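The structure appears right after this line, and notes come after that.
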Amino acid sequence: MIDLKDLRENPDKYRNGTRDKCMDVDIDRLLALDEGRRAIVTRLETARSEQNRISKEVGPKIGQLKGKLKAAAGDEKDRLEMEIAALEARPSELKALVTEEERHLAAIEPEFKALWLQVPQPPSPDVPKGKGSEDNQEIRRWAPSNWDFTKTFAENRGFKPRTHLELVRMHGLVDFERGVKMSGTRHYVLTGLGMRLHQAVLRYAVDFMADKRGFSPMGIPVIVKEECMVGTGFFPAGREQAYHIEESKRGSGHDLYLTGTGEVGLMGLHADEILSHEQLPLKYCTVSTCFRREAGAAGKDTAGLYRIHQFDKVEQVVVCKADDAESRAWHKQMMESVEMILQSLGLAYRLLQCCTGDLGVKNEDMIDIESWMPGRGEVGKDGAPTGEFGETHSASRLNDFQCRRLNLRYKDADGKTRFAYALNNTVAASPRVLIPLLEMHQQADGSVVIPEVLRGYMGGIAKIG
RNA sequence: GGUGGGGUGGCCGAGCGGUUGAAGGUACCAGUCUUGAAAACUGGCAGACUCGUCAGGGUCUCGAGGGUUCGAAUCCCUCCCCCACCGCCA
């Protein structure tokens with residue numbers, strides 16, 4: 001949610017921001033509604049003020065007279081009734097006025113609020129302009145010493161790669177058929193070592209964040225109220241992506257939603273709170289199951305573990321002071337954590353600066369980290385896939401957009417209450433990350449070497465197959 | 001699921017139609033006193049919105065929403081949530 005005052009003062013910032021994000025929100029309509037709303041509020045409050053004043057003045061008198069009225073009869077009664085009517089005339093008039101203005105307000109409020117929620121956070125000025133993912137810019141790439149991006153997999157390793165689909169079948173790591181049997185398309189079952197590898201990655205990631213990076217691990221709800229979804233900025237725009245539990249239809253409670261990321265639970269923690277500046281920055285991580293409907297992705301990445309409805313993700317979140325430099329510093333640190341993890345896992349990756357058109361509503365800056373997945377992409381001359389980068393991480397700076405919606409504030413050293421800045425980044429999402437992990441560490445015979453850092457989490461197993 | 005009891009400021013707690021945005025306590029902050037601290041005393045201590053160049057006004061908020069009333073924390077309706085016990089149960 002954006003600052004309305006700022007919108008009034010710098011409408012172009014929001015007009016341009018919306019345009020650069022390739023979104024369509026009628027800023028001028030919002031400004032007009034805002035102006036109309038304020039005019040009504042002013043009139044309404046003036047009337048109320050007058051009403052309150054008079055009520056205090058003549059109220060007790062009316063009460064007294066009404067008391068006398070009960071005992072009165074005849075002329076005395078008529079006289080009292082007239083007196084009461086005279087005293088009530090002005091308050092009644094004001095009441096009608098208030099009611100009318102309230103009606104006006106109620107008439108524009110829903111549209112006003114809906115529109116307000118839709119205005120995106122303007123991109124940071126240094127984010128490159130662009131229409132979509134095709135305009136994202138590579139910042140840099142990294143590969144382990146035994147990998148050369150300019151060569152094919154076969155040239156690097158001396159044999160043709162198998163895709164992760166072939167590898168998981170070969171070693172019985174995933175059972176897609178039974179997953180689909182139970183839950184439908186894009187579902188799967190992790191089996192045996194597949195499950196252990198999945199858990200090993202997650203546990204390694206959590207421990208890394210906690211032990212090496214000072215993040216507090218949290219267990220958070222993945223089933224939340226609508227206000228958490230709105231507060232974190234996933235609603236209203238992402239409504240179609242969330243599974244909806246219609247508890248209200250069963251006659252009790254309220255509806256709930258399954259979260260698509262641990263970010264919701266981590267950021268929701270301190271909603272409606274005013275923290276002390278000494279409590280900041282908050283550094284949280286969690287491992288949580290993520291649910292995504294993948295609406296609109298029909299036919300996309302249907303095979304394998306890439307795009308699925310349910311997965312587990314270690315997520316990191318930072319809530320810091322409202323300071324651009326600090327936010328940027330944390331952004332770097334959070335990405336550094338990911339790079340350390342990817343490097344320790346022996347995965348090749350690149351950092352992609354997302355362009356304005358590829359940003360969501362809530363972020364002002366986003367850097368994706370894509371891991372090299374040898375089994376993806378076109379089939380090359382040698383009959384093997386040429387490989388492709390696939391998104392495994394996404395690091396966002398949200399400015400105060402999310403904290404405004406969540407009403408998450410802090411009292412600064414100078415005593416001023418401010419909305420905090422928020423950031424988030426994936427630490428490890430599995431099973432997606434198993435794709436590069438299996439494909440990069442496969443051997444000529446199809447066996448897969450487990451990176452050393454994971455072995456302790458797998459009972460010392462060094463190799464699958 | 002059943003029965004009962006509740007939701008008031010950071011916390012505890014009074015109020016149950018009018019000067020109560022809310023007593024009192026406690027916590028917190030500042031000051032006086034003190035060598036320092038404690039105690040005591042004094043003062044401060046909610047948030048949002050809105051009008052105003054400033055000073056300063058105003059409106060709203062006592063779980064939420066609606067209603068009654070000239071006027072509601074107080075009365076009525078609907079909903080939500082919490083606690084206790086019983087039942088069921090991972």
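Because the structure is predicted, anything quoted here is derived from the model rather than measured. Reminder, nothing fancy here: chain letters follow the sequence lines and each chain counts from 1.
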State which of G71(B), C51(B), A48(B) makes the closest approach to the side chain of Gln51(A).
G71(B)
Would you indicate, yes or no, if G47(B) has its OP1 or OP2 atom less than 4.0 angstrom from a side-chain nitrogen or oxygen of Lys411(A)?
yes
Glu109(A) has an atom CD; how far is it from atom C1' of U50(B), in whole Å?
13 Å
Could you give the CZ-to-P distance, from Arg103(A) to G67(B), as a whole number of Å?
11 Å
Does the pair Arg404(A)/Asp400(A) count as a salt bridge with the N-to-O cut at 4.0 Å?
yes
Distance between the P atoms of G87(B) and C81(B), in whole angstroms?
24 Å
Interatomic distance at C1', U8(B) relative to A23(B), whole Å:
12 Å
Closest contact, heavy atoms only, Gly172(A) versus Thr191(A)
O-OG1, 2.7 Å
Rounded to the nearest 0.5 Å, what separation is found between the CD1 atom of Ile461(A) and the CG atom of Leu197(A)?
9.5 Å
Inter-residue atom distance Lys13(A).NZ - Leu7(A).CG, 0.5 Å rounding
9.5 Å
NZ of Lys113(A) versus C1' of C49(B): gap in Å, rounded?
11 Å
Paired to C70(B) by Watson-Crick or G-U wobble criteria (both distances under 3.5 Å) is G18(B)
To the nearest angstrom, the CD-C1' distance between Glu227(A) and C80(B) comes to 11 Å
Here the distance between atom C1' of C49(B) and atom CG of Leu33(A), to the nearest Å, is 17 Å
Please encode protein proximity along nucleotides 59-65 of chain B as a string of B, S and -, counting only heavy-atom distances under 4.0 Å.
BS-----
Given atom CD of Glu273(A) and atom P of A46(B), what is their separation to the nearest angstrom?
19 Å
RNA chain B: Lys95(A) or Ile274(A), which has the more 5' nearest nucleotide?
Ile274(A)
For G10(B) and G47(B), measure between their C1' atoms and round to the nearest Å.
13 Å
Using Watson-Crick geometry (N1-N3 plus N6-O4 or O6-N4) or G-U wobble (N1-O2, O6-N3), each under 3.5 Å, C79(B) is paired with G63(B)
Glu226(A)/Arg239(A) salt bridge by N-O under 4.0 Å criterion:
yes
C83(B) versus C29(B) - spacing of their P atoms, nearest Å
32 Å
Between C49(B) (P) and Glu101(A) (CD): distance, integer Å
21 Å
Rounded interatomic separation in angstrom, taking CG from Leu256(A) and P from C81(B)
9 Å
Apply ring-ring contact (aromatic ring centres under 6.0 Å, His included) to Phe311(A) and list each qualifying residue two or more places apart in sequence or on a separate chain.
none
Tell me the partner of A84(B), counting only Watson-Crick (N1-N3 plus N6-O4 or O6-N4) or G-U wobble (N1-O2 and O6-N3) with both under 3.5 Å; none if nothing fits.
U3(B)
Quick one: do Arg213(A) and Glu336(A) make a salt bridge, cutoff under 4.0 Å?
yes
Which nucleotide, if any, forms a Watson-Crick or G-U wobble pair with C41(B), using both distances under 3.5 Å?
G31(B)
Rounded to whole angstrom, note down the C1' distance from G1(B) over to A14(B).
37 Å
For the C1' atoms, the ones on A64(B) and on A73(B), what distance do you get once it is rounded to whole angstrom?
14 Å
Check the phosphate of U50(B) against Arg8(A), side-chain N and O only, distance under 4.0 Å to OP1 or OP2. Yes or no?
yes
Note: Glu240(A)-Arg293(A) ion pair, threshold 4.0 Å (strictly below):
yes
Ion pair check, Arg328(A) and Asp126(A), cut-off under 4.0 Å
yes
Separation of the P atoms in A55(B) and G36(B), to the nearest angstrom:
38 Å
In whole angstrom, give me the gap between the P atoms of G67(B) and A72(B).
12 Å
